[in-house]
Amino acid sequence: MRTSFAIVFAGSGGAGAITAGSSFLQAAAREGYYGLMTKLSGAQVRGGEAAALVEIGVSPTEAQPDVFDVLIALDWDNVGKFAPEIPLNANSLVLADPAAGAPAPAIVATGARIVEIPLSKIAASVEGGRVNMVALGAGAALAGLPMGSVDAALAGMLASKGEKAVAASLAAARAGATETAVLGAAPLAPARKGARWFCSGNEAVGLGALRGGVRFVAAYPITPATEITEWLAPRMAAVGGRAMLAEDEIAAINMALGASYGGLPSMTVTSGPGLALKVETIGLAAMAELPLVIVNVMRVGPSTGIPTKSDQGDLDLVLHGTHGDAPRIVLAPLSIADCAPTTERAVHLAEALQTPVFVLSDQSFGQTETVIDPPARRPAPLKRKAESSATGADFHRYVATPDNVSPMPAPGAPGQQWVADGLSHDDYGHPSNAAKFHVAGLDKRRAKLRDFDYGETWGEIHGEGEVAVVAFGSTVGPVKEAARRLGESGMKVKVVALRLLAPAPTQAIAAALKDAQRVIVVEQNHSGQLYRHLLAEKALPAHAESLARPGPLPFRPGEIATYLA
Amino acid sequence: MRTSFAIVFAGSGGAGAITAGSSFLQAAAREGYYGLMTKLSGAQVRGGEAAALVEIGVSPTEAQPDVFDVLIALDWDNVGKFAPEIPLNANSLVLADPAAGAPAPAIVATGARIVEIPLSKIAASVEGGRVNMVALGAGAALAGLPMGSVDAALAGMLASKGEKAVAASLAAARAGATETAVLGAAPLAPARKGARWFCSGNEAVGLGALRGGVRFVAAYPITPATEITEWLAPRMAAVGGRAMLAEDEIAAINMALGASYGGLPSMTVTSGPGLALKVETIGLAAMAELPLVIVNVMRVGPSTGIPTKSDQGDLDLVLHGTHGDAPRIVLAPLSIADCAPTTERAVHLAEALQTPVFVLSDQSFGQTETVIDPPARRPAPLKRKAESSATGADFHRYVATPDNVSPMPAPGAPGQQWVADGLSHDDYGHPSNAAKFHVAGLDKRRAKLRDFDYGETWGEIHGEGEVAVVAFGSTVGPVKEAARRLGESGMKVKVVALRLLAPAPTQAIAAALKDAQRVIVVEQNHSGQLYRHLLAEKALPAHAESLARPGPLPFRPGEIATYLA
Amino acid sequence: MSIHETAAPACHQPLTLKDFKSGVEPIWCPGCGDFGVLQSLQRALAAHGRPPHEVALVSGIGCSSRLPAYTSAYGFHGVHGRALPVAAGLKLARPDLEVIVVGGDGDGYSIGGNHFLHACRRNVNLTYIVMDNRVYGMTKGQPSPTTEADWDSDIAPGGSGVQPFSPLAIALAAGANFVARGFALDVKPLADILVAAIRHPGFSFVEVLSPCITFRPEEMEWKKAVQRGALSVNTDRAAAMAMALSVNELASGIIFQGDRPAYSETLPAPTGLAAIEKEFELNAA
Amino acid sequence: MSIHETAAPACHQPLTLKDFKSGVEPIWCPGCGDFGVLQSLQRALAAHGRPPHEVALVSGIGCSSRLPAYTSAYGFHGVHGRALPVAAGLKLARPDLEVIVVGGDGDGYSIGGNHFLHACRRNVNLTYIVMDNRVYGMTKGQPSPTTEADWDSDIAPGGSGVQPFSPLAIALAAGANFVARGFALDVKPLADILVAAIRHPGFSFVEVLSPCITFRPEEMEWKKAVQRGALSVNTDRAAAMAMALSVNELASGIIFQGDRPAYSETLPAPTGLAAIEKEFELNAA
Ligand SMILES: Cc1ncc(C[n+]2csc(CCOP(=O)(O)OP(=O)(O)O)c2C)c(N)n1
Ligand SMILES: Cc1ncc(C[n+]2csc(CCOP(=O)(O)OP(=O)(O)O)c2C)c(N)n1
Ligand code: SF4
Ligand code: SF4
Ligand SMILES: [Mg+2]
Ligand SMILES: [Mg+2]
């Protein structure tokens, strides 16, 4: 029995492809399946074509499939435009409404089996029936999903539209399922039912921030990061915090830094072009030792690039953006599910180490909907060292301590007034040009990050083998899936998934790669940014290879497996 | 006979230490000596203490000395504050006016021989005589400089103040010289007289820009880069160009980019914090393939840091600042003398390759006055490929060419209208989300920089030896001097001075390091940015070492020689 | 090329709207007000009479900022909020070109606010057209500096709580030399305003009410609500300011035409590099 | 700490100027106007009556921006031009603090111009003091947005050719709730203005003429030239604007006290994280 199933609902604007996909995924979740839904849309701001790419499976799904099993075209107006993003082959099934005209040539060219199904006619036969719901039913039938789950999913999703709408949708779905029954289902292996969460990476980052204790967020909208702020805006108030819409990215990060100085765990959220504008103030946070979480959701660059597609090309900037030496912590979630705990951890680290901490996500995490196990909360939050017993002249804001973290009282504490300053300073924080203070400060700021015990945060190892693949962020999923497949065909591959990118966990990496005969660093950018970083940090053996290629197309497991095999 | 002589004139604000130093250096130049003058000032914006640190020698002087031969204190009010920057030892001579009180303890502690000389009394004995001119004369006598040169230097420098002022200064200088004669001169070996230039690195960068063809500069003031724009402002008009004072750094770079699109070779000028703000637009220049020269004069960072002191900590940002993969050219002058030809070359490369090009200078180049041989002009300027025979639909702004550089007509050319765009685009420049165009663009932009023949631009090799030192920018001078000294004591050291930092000239470096038993990368920053860069580019052998230490104190040859020996 | 070598403007030619059309299809939503602005601008450029290759359109990022590609002129679609400095650099490098800046309220008043202030003050001979839909359209509906304080959105539930400001008053306070407001769907009157703006020396600012049909469909009411001609031409800045502060934000027309001299485009006659090099010489050989 | 847990302001105490002095020695040139502003501010804070640890001074970069270290309050000496957003974040995170922003004309009107516009509009309860010396002092003498068009300098020989703008008019156009101009060397009257500004709700803007003795020694003439009391309190913005556009740039006094409600500092009662987590649940176990 198959363990996963991949289906695309596609159509022109307003046809409801995304709703169909979302309902399909939620229905599957009710049966215990995990899944992933990638949304595609055209160049138009609104009203253009749309497609929902859904994969479901018995275990967590973290990569787009090599090939889709099924494509249901709600119409043919624009589906062809998506062809490069919807791989099909001779084993694929395309359902098409004869009333919608001839299938797109690019789709026909894939060799997929094209079967006609009168979607619009079926929809018309049901009162209030819509084509996308017929397609949903058809898809569910092909995946072997019971109609009861579709029921439940629609009832949940459409509750606000009233019972009648739910009933109509369901009737249409059932009609679609019935009509498709003749094609026969290749049912999925049953899954373990249980509590599941439905969320996107952007939402999960928001949740992680709240869990970590962030109570102030300031941002300027930018694709594909905006949803984080939009998700947080109403919820921040619910936890006693505040979300600010700034006039630009520079204002946003400075607001957040002001709030952080005021004692609140604070965050700013952006994507590449906005990150570029925050670079100066990140250096200030490092120099003045102010906690700050900076979330960067990568899109295709450089410059405006392709705002709606994914890439991992901001790593260089996140690692090295700031004039002068300003050490920082960079974390990248290993999956959408990991977005919450990684962000939560980022807040703890920023607070504990009084430093800027990056959460490096990307479009394919941020805007993809997924069904996952409820993410665990991190144990033992780390808090800001705010209290000091010293006052007056005895209070040195940057006093030397064994862990290089000095007490940092918030304004309001009598006798401990201090000035946060981006100038080189002595341990009172007073500006000084003296080399001894300057070098002591650089040493302190580097040491506090270098000597901290990050524990499990550094990353994860999956599997064992003499071939080791190193990856981060949204590349981890396809790499893991490629390794799994190669494992099935007898080739053992170890996956070293890095969550802590800076300070580079060189010891953990060295240990993980100790016995590897081959090491390949896989990443989705043009210049091998992670590869270069690890070379620079002497974290790779001399024979390590780089597999780097840019977005906008996602890595698929097959592409990686082919390279490795 | 000694081949170099190092002297400090120091005093409180208004005492004229800098004028004395400058006159001394110019007098020496008339005798054929080369030299260097570093200016120190206190924390106050104006009116604080000042010191002129001058070294002269028979060959080009590119490093501060390990120890100064002479310190002349015009008074003792604040000289002690400079002690860490004025190394003295038991062989040093300190001239002090008994009327100015007790010598600063930090100076006494060096063990230098302190000799009293009644500077103020001597000055008072000459009509219109000033203490600093007495000191000048004393210094000239100790260096064995003939009074005729002092004459000529003062006549040149003070011409605008009238003959009387010149005469009074000269008389005071002669009186100082006479008084000092008893101490005996340890005269310098004679030098080859000839045409010399007197300039700072900032002025030389300005000149190089004009020579290269820059006709538009826009900037926002920032220490220590401001003098470039100030120097250019009146002179730009003299060559038919324009200098704009922008409201901020972002406006400045965008103005320059607009002018570049308009067809003029253009430039923007800044230092660390300002560079941080330009990062976003640099990515646009790369993506839209617009020529642009960006001068960054490094100061001590991170953040506001120490604006008046030198460091090499912006390399990371210059190499990697921009979200997404945006290849750029980074050049660093090898000396103050090299600032003009390197900047000239930068303009040629920007124009020829339609790309952002960095000139990475630093405070110690920018604000140091030097006496050098007149810098040669670069042969064969490279020009923008502006003409295309195609028009209308046949004109593709980004048409594929063998060298990956496409014709770029300036506005005004009929039938060749094109839109510069930061969005991913096809070869017309029209926005496109298609992977094929995006990847082709990335490949094109990388290839045009990678495959260009930079010739001699990559750098210079000085000497031969099994120990090789790699350096860039203002570290090259002290490294060369350290190598020279080690050479005298029998240890052969090869200096590999890199001018082209990106794209990294890996082949030239590999060839240069082929036979080295030991390789040391020397740089003035905290984290070994050049070392990491070269590791990442696989340009170093596994055994390469890093000698990285931050500013504000300059590298002195002795420090490097000690490390190497 | 140096600033002095640029060609003199070609003499005016009879042109039509079609001469300013490009083959690129707009990504705008059907019904977006920006189509009206595009058409007005094409009309205005035809009326102005300079051929497309002597015109350059500069923009930032946003739905509205996509406009340059939809005309046949030269264009520069830069980064978000920075169109005005690009245009200033271009115009001062190439005074022979007709340089027009277009963009949105987010681009111009939010992230680009500083450049707006300084462009008004600097008074380079540019025309700046803001397609104000009171929302960030491209990022799918967040409040801008001109959005009503109580406009509900995901990012500011219940409203931002911040009073919108008046771009006309800001432009007047900052020193703009020509200030007007038009409505996107009044194509002909808007074109007339644009011609006047383009021909006025110095920095000309035209705020255009341009409905976002997708995120602010209620702005379609502007068709009725716009107070056509409620603004009238002042030549005194204080009088214009008094008018700007008293009329409502849907009043259209030209409100100010000033006589501040534009930022100088002329340069002294160049004297050459040789004299400059001489300054460095210490001991001429 | 959450916004709700912050302590209520301590009750006012009898304080003197000395309570607001720090041990750090100013780097200012002897005779710099900023000494007067420092003294006025220390006086005003003493009069206002909140102890130093409940006050936070926020600044950018410039000679004037060095001020925070010279007082005994909490302080934030950030990057050039970004003091206002830092202060907004701090104040909204900690409404219990008295947050005062200080800086120069370059910091506030040039690089920081956008934040100035938006701070006026946003109307967070802050006091903003600009020490306007009409020059970039710290970088040794370049023209700022308030410098006369013909002021000669190295970077703009013969003058920038750009007309200065009026910060008062901009602040009024952008929506500031309190607008005044003082003179640095009129210590007592300036302190009175500052107390009024601090106590006025919303965003209070005080432009202070503060001579740069080093790069603009002629500004010492201001001692005589300042038109004391030439500004008078308006409560109507249009009237204030008319006054701002008609008086000369050396008129001092309070010109506007408005009644726009400040940006809200109150938050709804928190309901907790648990309900938020529930939103993600598909099949509750
Ligand atoms: C530096 C940067 N920040 C943010 C964005 C995201 N962004 C793109 S357009 C836009 C706002 C668009 O609003 P407006 O200028 O009013 O144009 P409209 O789409 O409404 O025409 C934003 C915030 C960006 N591209 N770059
Ligand atoms: C991003 C950035 N750009 C430029 C500078 C250099 N800089 C420091 S202070 C200053 C201007 C100071 O002028 P102003 O704010 O009027 O203060 P003043 O010194 O006159 O009091 C400039 C341009 C900087 N520190 N950071
Ligand atoms: S989103 Fe609004 S502004 Fe953008 S194209 Fe659509 S209607 Fe126009
Ligand atoms: S330079 Fe001017 S502003 Fe700066 S401290 Fe000196 S007098 Fe004051
Ligand atoms: Mg808009
Ligand atoms: Mg100033």
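Order of the sequence lines fixes the chain letters, A, B, ..., with proteins taken first and strands second; residue numbering starts at 1 for each chain. Small disclaimer: the values here were computed from a predicted structure and weren't measured.
- Qualifying side-chain contact (heavy atoms from CB on, under 4.5 Å) partners for D:Ala169, counting only residues two or more places apart in sequence or in other chains: C:Ala173, D:Ser166, D:Met241, D:Leu245.
- The two residues B:Gly272 and B:Asp314 have their closest heavy-atom pair at CA-OD2, 3.3 Å.
- Donor-acceptor pairing under 3.5 Å is lacking for the side chains of D:Tyr128 and D:His115.
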Between side-chain atoms of residues 154-163 of chain D and protein atoms elsewhere (two or more places apart, or another chain), which donor-acceptor pairs fall under 3.5 Å?
unit_1   : atom_1 : unit_2   : atom_2 : d
D:Ser160 : OG     : D:Val162 : N      : 3.2
D:Gln163 : OE1    : C:Arg260 : NE     : 3.2

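- Heavy atoms closer than 4.5 Å to chain B are found nowhere in D:Pro145, neither backbone nor side chain.
- Within residues 59-78 of chain D, the residues that have a heavy atom under 4.5 Å from a heavy atom of chain B are D:Ile61, D:Cys63, D:Gly78, listed by number.
- Looking at B:Pro234, the atoms closer than 4.5 Å to chain D (heavy atoms on both sides) sit in the backbone and in the side chain alike.
- Scanning all heavy atoms of the two residues, the minimum distance from B:Ala252 to B:Thr268 falls at CB-OG1, 3.8 Å.
- With B:Leu360 as the fixed residue, the side-chain contact (heavy atoms from CB on, under 4.5 Å) test singles out one of B:Leu275, B:Ile294, B:Asn296: B:Asn296.
- Relative ring orientation between D:Trp222 and D:Phe183 is described as perpendicular, the plane-to-plane angle rising above 60° on a 0-90° scale split at 30° and 60°.
- Contacts of residues 209-220 of chain D with chain B at a heavy-atom distance below 4.5 Å involve D:Thr214, D:Phe215, listed in sequence order.
- If you check the side chains of B:Asp362 and B:Ser364, you find a donor sitting under 3.5 Å from an acceptor.
- Under 3.5 Å, the side chains of B:Asp75 and B:Ser12 contain a donor-acceptor pair of N or O atoms.
- Under a cut-off of 6.0 angstrom, the local environment of NZ in B:Lys39 is crowded, with over 12 non-hydrogen atoms contributed by other residues, nucleotides or ligands.
- Proximity to chain D (any heavy atom under 4.5 Å) is restricted, for B:Leu277, to the side chain, taken from C-beta onward.
- At a threshold of 4.5 Å between non-hydrogen side-chain atoms, the residues D:Phe178 and D:Phe203 do not count as touching.
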